[in-house]
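Note sheet for the following structure.
Both ligands and their constituent atoms are indexed starting at 1 by order of listing.
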Amino acid sequence: MKSFTSLSVTMALLSGTTHAFWRMECHDRIALARIDPLVDPGTVSQHSHAIHGGNAFSMDVTYEQLRASECTSCLATDDKSAYWTPSMHFQYENGTTEVVRQVGGMLAYYLLFANSGEEIEAFPEGFRMLAGDTRLRNFTGPVPDPEKSLWTAKDKTQLLLGQKAIGMNCLNYAKDPEPSMYRHFLPDKDYMDANCVNGIRAEIFFPSCWNGDPDSDNHKDHMAYPDLVNGGTCPEGFEKRVPSLFFETIWDTYAFKDAKGQFVFANGDPTGYGYHGDFIMGWNVDTLQSGIEQCTNESGQLKDCPVFELQTEADCDKCKLSMPHVLSDDDCAGPADGLCGNVAIQYGPEYASALKPGNSEAPSAVPTPTTPVQAMPTLPYTTAKSAVTDQYGGGLSVANVNGIASQASEINAQAAAPTDDAPAAPAPTQPPAPEQPHGSIVSTTTYTSAGVVYEVAIEEVAVYVTVEAPAPQKRHAHHMHHRRDREHGLLGRY
Ligand SMILES: *[C@@H]1O[C@H](CO)[C@@H](O)[C@H](O)[C@H]1NC(C)=O
Ligand SMILES: *[C@@H]1O[C@H](CO)[C@@H](O)[C@H](O)[C@H]1NC(C)=O
Ligand SMILES: *[C@@H]1O[C@H](CO)[C@@H](O)[C@H](O)[C@H]1NC(C)=O
């Protein structure tokens, strides 16, 4: 079942400002495994990851080895990069955990955001980076984020920018999408059960300001966030610009709607504050550079980029890592007692203690606490296209929904659950190809960076998808209404 949320973004059309992007679709993961060549090189990693990209990925993979991958789970065949994040698990009250179904693989946006006069360079050979901090368990800024144009120096520390680069987007395709990176923590389970009927989209925005070194000891210090997370000014010493990476992974949390327990990331983080993402560049540098220069179609779709050779989704899905022998007994998907690697769940708010790599002890049951833990803030549902967008500064926002029909049909099929003797669910009907829709501008957003006012107008178009679901006696056609928000950049310079 493949489903992607396709975020349509076009930002900040400012003369001289780069604003293009493409959306790398990595269909299916190559592995769910305790492998992390950045944090735990050469050994079994602390916790499990959802891993995508070139299948030569290993505990000590090099650029050359990744390039020699036999295949990649991402759509562009040249992209042998490695993309990974902690996996999401559900822990029942009795301590048993089970991986949450990942909907599709993941998307890695390459956003070509830079200010006037700045050039975006391809990642060089050997480039690696990490975003986020696995040990964080709190958020040190106001909730929700103040409007970006009001950010002061204390909102712009690298710690806070990094914390604001995380998003836990509550998906409900029947409503307008929430803005990206609106909520920097996992909502509590009751909230998810009530609101997030299509799951949680975990998001992380990578830093795009660079000091020119391919890597650093902690895989972070060679990079910095621009002062508005996804745009803005780079700090001194980090004046070079690379593409802004933004990862999205959808987890079907709603499948656990009536179960008692909690969601927890594989690193023992039930808050989401410790979410993180890792990247090892595996492109041919010239191909990537050509992409940066030529993939400027505002659709962001790979097929509209003249540079990349694409494979089929089926070929992406076939690409798997061969599991190292030392991990052959690992069962990170579960059901199993506790998290794989015997990872302790740490609730915070204090900084979590470091996990040990290579833990091979049998996981022991970690019951969910009965005493209250850190109270998570509550953020009401909000839409990316409402005034809230203006209030929070817009920028990269708005998701939606292309090719969700297959998932919608599955949910419908469940909703209309047939009795035992009812016919099996038919194959989902193909959604009609969306016509080139003409929408209406529903809102605009502005924010200021380096004396330049960016204005982003959001155009709304409706896409209708018809899905058939089985019922015991007869078939009902469900008409589902999805909205598609498209941003058109418009820009003024003041
Ligand atoms: C824990 O509870 C879940 C959900 O009820 C169940 O599927 C699982 O088998 C239980 N685990 C154990 C070890 O009893
Ligand atoms: C962008 O791609 C679309 C197809 O999605 C195509 O119709 C359009 O001509 C392309 N635009 C440019 C400027 O190449
Ligand atoms: C929040 O996390 C930071 C580490 O990033 C830590 O220094 C601080 O003490 C934590 N706050 C609380 C209230 O525990």
Ligand 2 atoms in contact with Asn297 (distance to a heavy atom under 4.0 Å):
1 (C), 2 (O), 3 (C), 8 (C), 10 (C), 11 (N), 12 (C), 14 (O)

Does a side-chain N-to-carboxylate-O contact under 4.0 Å join Glu93 and Lys260?
no

Expected output: side-chain Asp269 to main-chain Gly274 donor-acceptor under 3.5 Å
yes

Any donor and acceptor pair, going by atom type alone, linking the side chain of Glu119 with main-chain N or O of Arg241 inside 3.5 Å?
no

Counting only heavy atoms, which portion of Lys303 has something under 4.0 Å from ligand 2: side chain, backbone, both, or neither?
side chain

Thr96: numbered ligand 1 atoms lying under 4.0 Å from its heavy atoms
1 (C), 10 (C), 11 (N), 12 (C), 13 (C)

Under 4.0 Å between a side-chain nitrogen and a carboxylate oxygen: does that hold for Lys156 and Asp227?
yes

Any N/O of Ser299 closer than 3.5 Å to an N/O of ligand 2?
no

How are the rings of Trp283 and Trp22 set to each other: parallel, tilted or perpendicular (split at 30° and 60°)?
perpendicular

Is the number of heavy atoms from other residues, nucleotides or ligands under 6.0 Å of Glu309 CD greater than 12?
no

Are Phe265 and Tyr275 an aromatic pair, judged by ring center distance below 6.0 Å?
yes

Any sub-3.5 Å donor-acceptor pair from Ser290's side-chain atoms to Asp286's backbone N or O?
yes

Listing by chain and number, which residues have a heavy atom under 4.0 Å from ligand 3?
Leu136, Asn138, Pro349, Glu350, Tyr351

Is it the case that ligand 1 has an N or O less than 3.5 angstrom from some N or O of Asn94?
yes

